[in-house]
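Atoms considered below: every heavy atom in the structure, side chains included; atoms not considered: hydrogens, waters and symmetry mates.
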Amino acid sequence: MKTAKTVLEAFREMQRLEKRLIPACLIVAVIGAVSPFVNIKATSVIIDQLDSDAGMKQLMFYIAAAVIINFVLFFLNSFLGDMFYMYRSMLYNRELQAVASKLYSVEFKKTENALFKELLHKHSEAQNRVFSAFSQFSWMLRDFVSGFLTLIISLVFIFPLFKIGLTKTGESFFEKPVFLLSIFAAIAVMAAIILVVALKMNKQWFLASDEYSRLDRLFYFFLEKFKDYKTGKDFRLYREQELIEKIAADSLLNDGEKVLKKASVNSAKSSSFVALLGSLVGFGIYLFIGIKGLLGSFSIGSLVLYCGSFMQVISGIMKMAATFGKTAEMVPLVNYYFEIINTEDDIRYGEKTVDSENGIDIEFQNVSFTYPGSDKKALDKVSLTIKNGEHLAVVGRNGSGKTTFIKLLCRLYDPDEGEILINGENIRRYSKESLLKLFSPVFQDFAVFAFSVSENLSASGEYDSEKLERALREADIFERVEKMPQKEKTCLFKSLDKNGVDVSGGEQQKIALARALYKDSPVVVLDEPTAALDPIAENEIYSRFNSFTKDKTAIYISHRLSSCVFCDRVAVFDKAKLIETGAHKELLEKGGKYAALWNAQAQYYCQNSENRK
């Protein structure tokens with residue numbers, strides 16, 4: 001019942017994604033079912049005409065009719081077959097689009113979830129392997145309808161043979177009705193066995209493919225890394241190919257071969273058994289028709305008609321049984337799609353709008369947070385107030401909770417304990433759109449896309465030229481953009497445009513900073529966005545940003561503590577806790593954790609300066 005419900009849901013989704021596919025599929029199925037019988041019937045009639053010494057004119061009429069009908073059916077089958085293929089391709093692309101749209105809108109924490117990542121890979125691997133479960137369902141619908149119609153037409157054609165077979169014409173086994181009934185019983189048993197074997201075989205293939213996809217994911221992870229020029233240098237200079245081949249390629253080729261070989265052997269055994277069974281039933285059918293023909297029960301033309309039609313009965317049953325068997329493999333695959341599309345966000349938003357006209361005050365009250373699947377707190381009872389227009393530096397060692405602090409502030413996650421308040425209201429009461437407008441973040445793992453410079457900044461095809469130029473100038477990247485072939489309309493990288501321009505890591509960071517400035521939100525968040533810049537360039541960027549964001553609330557995270565000098569206050573994190581807050585000079589005089597970090601960096605730069613002398 002559950003399987004039938006999933007199949008119906010799959011057809012509804014297919015109809016929603018591509019309305020023309022199912023009608024085209026049904027027409028192709030009808031043509032495919034009718035076509036064999038045109039030749040079977042035409043051959044039968046022509047033989048009977050020859051046997052009855054019919055005139056040439058009448059004979060040519062039947063031959064011409066058969067040729068014309070075959071031509072029309074061939075033309076329709078070719079034309080609609082191409083359309084069927086095109087609609088399947090459209091369905092495939094729309095399925096990808098639906099998944100991409102879901103990934104764009106799904107909450108951020110799902111994209112970091114290992115189980116969700118595994119689900120995405122299984123869906124992607126299934127698409128690569130079977131060209132979309134939905135496409136397979138369209139083929140299955142075509143084969144089922146074609147098989148069903150084939151069975152019906154065959155039964156209509158051989159109906160006169162039933163009367164002959166059920167009439168006793170002698171005392172031998174072959175002349176009694178029990179002979180025909182035995183054949184029908186054999187066909188029924190064969191159909192049941194084919195159905196069971198197909199279900200078992202396709203289930204085994206699904207389990208094997210599911211296991212293979214796990215190995216496949218590891219292989220393609222490293223393959224993507226090999227293709228990425230950012231990581232390609234390390235692979236080559238450190239000669240990591242052998243290690244990766246041992247981990248990924250050998251695992252896929254050896255373990256994967258064992259998995260698929262086992263499934264292939266079982267499939268070959270099952271297919272051979274079904275073929276043998278079909279041959280035995282076919283022998284029985286030919287024997288029955290041959291004996292009745294020898295007894296003179298029907299004409300030579302009818303013998304051809306009955307032989308062809310009876311074998312089409314087997315063909316139709318095998319098509320239908322194979323379709324049912326294929327369902328065992330396809331239902332789990334299509335469930336991957338529905339699991340992705342039906343994934344619901346855990347975060348619930350309110351309806352209030354952030355009023356930024358009178359400023360933005362942010363407060364963390366006793367906030368604690370642990371990442372899903374971890375038993376270690378990423379933030380532990382953090383309380384901090386950020387006043388409107390304040391510039392705050394957030395510092396600390398790796399893993400101290402700085403980035404987690406920003407993720408919770410931007411509501412990519414919700415705290416496990418405590419509250420985050422914006423203008424005195426719990427952040428959960430604000431709408432998603434309102435919070436998106438509130439922040440202009442630049443994360444350490446920012447993304448610059450293979451679009452034009454203007455599209456990267458405006459996130460749309462339309463943009464404000466003056467605002468764009470101002471953002472580029474403030475991020476110190478305007479002159480570089482002006483030297484590009486098409487200036488701000490130049491595509492970045494060569495991934496999508498052979499005339500695209502490659503930009504350095506530092507230039508990418510400046511473009512990301514310019515994007516934050518273009519957005520012009522009341523709160524600017526910089527989470528180590530200048531890691532690829534040298535200290536002098538970083539100092540210039542922070543000086544510029546401090547000037548450009550003087551009327552905004554700004555939060556800076558950096559391992560280099562130069563940003564702290566420009567800030568009103570510094571928040572020091574250590575082991576998930578907020579351990580110090582205060583002005584730069586105040587914390588230095590205090591001689592705590594911040595002073596230790598500052599002096600360690602200052603000592604390093606002083607030593608380098610002395611060494612250069």
Would you find a donor on one side and an acceptor on the other, under 3.5 Å apart, between the side chain of Asn113 and the backbone of Lys109?
no
Distance-only, no hydrogens or angles: does the Lys519 side chain make a donor-acceptor pair with backbone N or O of Phe439 under 3.5 Å?
yes
Rounded to the nearest 0.5 Å, the CZ atom of Phe144 sits from the CZ atom of Phe137 at a distance of 13.0 Å
OH (Tyr87) and OG (Ser135) are apart, to the nearest 0.5 Å, by 14.5 Å
Are more than 12 heavy atoms from other residues, nucleotides or ligands located less than 6.0 Å from atom NZ of Lys432?
yes
Decide, yes or no, whether a salt bridge links Glu112 with Lys407 under the criterion of side-chain N to carboxylate O below 4.0 Å.
yes
Lys319 backbone acceptor or donor facing Thr323 side chain under 3.5 Å:
yes
Salt bridge or not for Asp497 and Lys494, using N-O below 4.0 Å?
no
In terms of side-chain heavy atoms, does Glu488 have a donor or acceptor partner in Tyr463 at a distance below 3.5 Å?
yes
Lys102: side-chain contact (heavy atoms from CB on, under 4.5 Å) partners, not counting sequence neighbours:
Ser105, Ile340, Ile341, Thr343
Please state whether the rings of Tyr413 and Phe108 are parallel, tilted or perpendicular, taking 30° and 60° as the class boundaries.
perpendicular
Euclidean distance, Arg515 CZ relative to Phe446 CZ, rounded to 0.5 Å
8.5 Å
Among Lys110, Arg428, Arg411, the one residue meeting salt bridge (Lys or Arg N to Asp or Glu O under 4.0 Å) with Asp346:
Lys110
Any sub-3.5 Å donor-acceptor pair from Asn342's side-chain atoms to Phe338's backbone N or O?
yes
Looking at CG of Leu26 and CZ of Arg142, how far apart are the two atoms once the value is rounded to the nearest 0.5 Å?
12.0 Å
Nearest-0.5 Å distance, CG of residue Asn70 to CG of residue Asn77
11.0 Å
For Tyr518 and Asp464, indicate whether the former's side chain and the latter's backbone hold a donor-acceptor pair under 3.5 Å.
yes
